[in-house]
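Okay, so here's the structure we're looking at.
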Amino acid sequence: MKKNEKIKELTFLLLKEIGEDPEREGLLKTPSRVSKAWSFFSGGYKQNLNKIINNAIFNEDGKDMVVVRDVEFFSLCEHHLLPFFGKAHIAYIPNGKVIGLSKIPRIIDMFARRLQVQERLTRQIAETLKDVLDPIGVAVIMEGQHMCMQMRGVEKQNSLATTSSMLGKFRESDRTRSEFLSIIGL
Ligand code: ZN
């Protein structure tokens, strides 16, 4: 069977099942578009952390907090297969090692392009940075809008879910945590 053929078939069936005519002009290419979109949305399952990091970890003596804020993320909730998206703020305090800054959004994408709940996504990013850098502390805060809340059911249009994972010094020290929160404006 050709790659992605199955997702095309399933999409064709889904269109029929909701009362559409999958053979009308506007929908003819929809199954193949949906199948391509899904291979992108689920691309994180096939990615490899070492390849992403690609040796971009450097020795560095400083112990000052590194903050990367307002990183956009897009993911899919595992309960409804609907998007949730927003911004991630990441901080760590190095302990001899730093990571190339452009790698942080790529690590976020690797976990975001899987079926997720925002809590787990937040924790996986924090734990990955802890594993690869062995830093003095790591903090990740994510703020997300969930289409499964906004489009259906409760229909709360402006609600934002905030999740956080604080490890090491960020968990132990109020001052360190406050410094991070004030940098990101929370
Ligand atoms: Zn959901």
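Since this is a predicted model, take the numbers as computed values, not measurements. Along the sequence shown, residues are numbered consecutively beginning with 1. Ligands are counted one by one from 1 in listed order, and the atoms in each one are counted from 1 as well.
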Point to revise | Atom name in H80, limited to N/O/S, at shortest distance from the Zn ion (ligand 1) | key: ND1
Practice item. State which residues pass salt bridge (charged side-chain N to carboxylate O under 4.0 Å, His left out) with R177; sequence neighbours excluded, sorted by chain then number. Key: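 With neighbours one apart ignored, the set is D174.
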Check your understanding: Can you check whether W38 reaches L81 side chain to side chain, under 4.5 Å on heavy atoms?
Key ->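 Yes - at least one pair of side-chain heavy atoms lies under 4.5 Å apart.
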Practice item. Could you tell me whether the Zn ion (ligand 1) has an N, O or S atom of H79 under 2.8 Å away? Key: no
Exercise for review: Assess C77: does it contribute an N, O or S atom lying under 2.8 Å from the Zn ion (ligand 1)?
Suggested key: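 Of the N, O and S atoms in C77, at least one lies under 2.8 Å from the Zn ion (ligand 1), which means yes.
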Review point. With a 3.5 Å cut-off and no angle check, do the side chains of Q118 and T163 form a donor-acceptor pair?
Key: yes
**Study point:** Carboxylate-amine/guanidinium proximity below 4.0 Å for K130 and E127
**Key:** no
